[in-house]
Colleague: 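Supplied in structure tokens, the structure appears directly below.
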Amino acid sequence: NAGVTQTPKFQVLKTGQSMTLQCAQDMNHEYMSWYRQDPGMGLRLIHYSVGAGITDQGEVPNGYNVSRSTTEDFPLRLLSAAPSQTSVYFCASRIDRTYEQYFGPGTRLTVT
Amino acid sequence: AQKVTQAQTEISVVEKEDVTLDCVYETRDTTYYLFWYKQPPSGELVFLIRRNSFDEQNEISGRYSWNFQKSTSSFNFTITASQVVDSAVYFCALSEAWRGSTLGRLYFGRGTQLTVWP
């Protein structure tokens, strides 16, 4: 099993550009989430999904879109990048709400 | 409201000292799960332990031990005889079993930066 994979590992965007952060897992987990991590703020939930076709907003959803068309994939779309979205982004998956979450390696995004 | 508080932002110790990382949580549910994660300087997030609300037994794994006390809503983490490799950010997290609109959410504390000096 590859676990949770994320691409790219690093990305630099200009303000106003859009892009998609990819996340995939091969563990057949129903639950997937996106977090951003900023210094002193810990992990903040952006969006999450409890199964294919079902998504919901977390604490900081503005400026981001998600969709979940398959169990394996949970892409995060930045619609119009802003410098405030400079952060490290983590994707995670878990079997269900009672189990631990497995994290991807993260994507370091810089918006100039 | 659900909340996880890690009041210690940073802790510094010298190698071989014991250190305890505090975690206090709030929840209205009777069924919930608590977790600890480690984030070393390399950046990945590593799962350490999962504990459900019905199991208050302390757990020990090598130099690591966890003390779960429902009476004080705490789930503290102790590292015995700390080592430089223990230097990392440690996160405590809470997951509820029955809160319908937020099923699947894991609530994280802000983390404690532990630095172990040689």
Side-chain angles (χ1 to χ4, degrees), chain A residues 2-6 9-10 23 25 27 29-61 66 68 71 74 87-109, chain B residues 1-10 21 23 25 27 29-55 59 66 75 88-113:
Chain A
V4 180
T5 58
Q6 291 182 240
K9 290 192 173 166
F10 301 94
C23 174
Q25 52 91 10
M27 298 174 282
H29 288 174
E30 292 294 329
Y31 289 65
M32 295 186 75
S33 303
W34 275 103
Y35 295 86
R36 59 178 289 173
Q37 184 176 26
D38 304 293
M41 300 297 293
L43 291 160
R44 292 186 291 171
L45 182 66
I46 304 171
H47 286 285
Y48 66 104
S49 170
V50 298
I54 307 170
T55 64
D56 203 351
Q57 296 181 353
E59 300 171 66
V60 288
V66 292
R68 184 97 180 270
T71 299
F74 191 42
S87 188
V88 180
Y89 291 85
F90 288 98
C91 179
S93 75
R94 59 201 302 216
I95 299 173
D96 66 26
R97 60 190 176 275
T98 68
Y99 283 86
E100 63 271 18
Q101 203 153 228
Y102 292 88
F103 285 86
T107 294
R108 186 173 293 275
L109 175 69
Chain B
Q2 311 77 25
K3 189 177 176 182
V4 177
T5 302
Q6 294 180 257
Q8 304 150 310
T9 306
E10 296 181 20
L21 310 182
C23 173
Y25 61 92
T27 177
D29 286 353
T30 56
T31 303
Y32 52 89
Y33 295 80
L34 295 163
F35 306 84
W36 276 94
Y37 288 84
K38 175 182 179 179
Q39 186 177 40
S42 51
E44 74 272 22
L45 284 146
V46 179
F47 164 74
L48 294 178
I49 189 171
R50 162 180 172 264
R51 177 50 50 90
N52 75 57
S53 54
F54 298 112
D55 182 3
E59 178 143 348
W66 290 269
F75 187 42
V89 180
Y90 291 87
F91 292 97
C92 181
L94 164 73
S95 180
E96 293 166 324
W98 305 112
R99 190 158 295 277
S101 64
T102 60
L103 281 177
R105 282 196 65 165
L106 199 57
Y107 297 88
F108 281 87
R110 291 196 171 190
T112 298
Q113 169 71 60

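Bear in mind the structure is a predicted one, so any value in this text is a computation, not a measurement. Order of the sequence lines fixes the chain letters, A, B, ..., with proteins taken first and strands second; residue numbering starts at 1 for each chain.
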Colleague: Who wins among Q113(B), R50(B), R110(B) for the most heavy-atom pairs under 4.5 Å with chain A?
Modeller: R50(B)
Colleague: Between Y32(B) and chain A, with a heavy-atom cut-off of 4.5 Å, which part of the residue counts as in contact: side chain, backbone, both or neither?
Modeller: neither
Colleague: Quick one: pull up OG in S49(A) and NE2 in H29(A) and give me the separation to the nearest 0.5 Å.
Modeller: 13.5 Å
Colleague: Just so I understand: if I count every heavy-atom pair under 4.5 Å between each of R44(A), Q37(A), M32(A) and chain B, which residue has the most?
Modeller: Q37(A)
Colleague: Show the numbers, then the answer: is there a side-chain contact (heavy atoms from CB on, under 4.5 Å) between L34(B) and W66(B)?
Modeller: CA-CA 11 Å; L34(B) 295 163; W66(B) 290 269; over 6 Å; no
Colleague: Which atoms of Q39(B) come close to chain A, meaning under 4.5 Å heavy atom to heavy atom: side chain ones, backbone ones, both, or neither?
Modeller: side chain
Colleague: Give me the ring orientation class for Y35(A) and F103(A): parallel if the planes are under 30° apart, tilted from 30 to 60°, perpendicular past 60°.
Modeller: tilted
Colleague: Step by step, would you call H47(A) with F74(A) a ring-ring contact (aromatic ring centres under 6.0 Å, His included)?
Modeller: CA-CA 10 Å; H47(A) 286 285; F74(A) 191 42; 7.8 Å; no
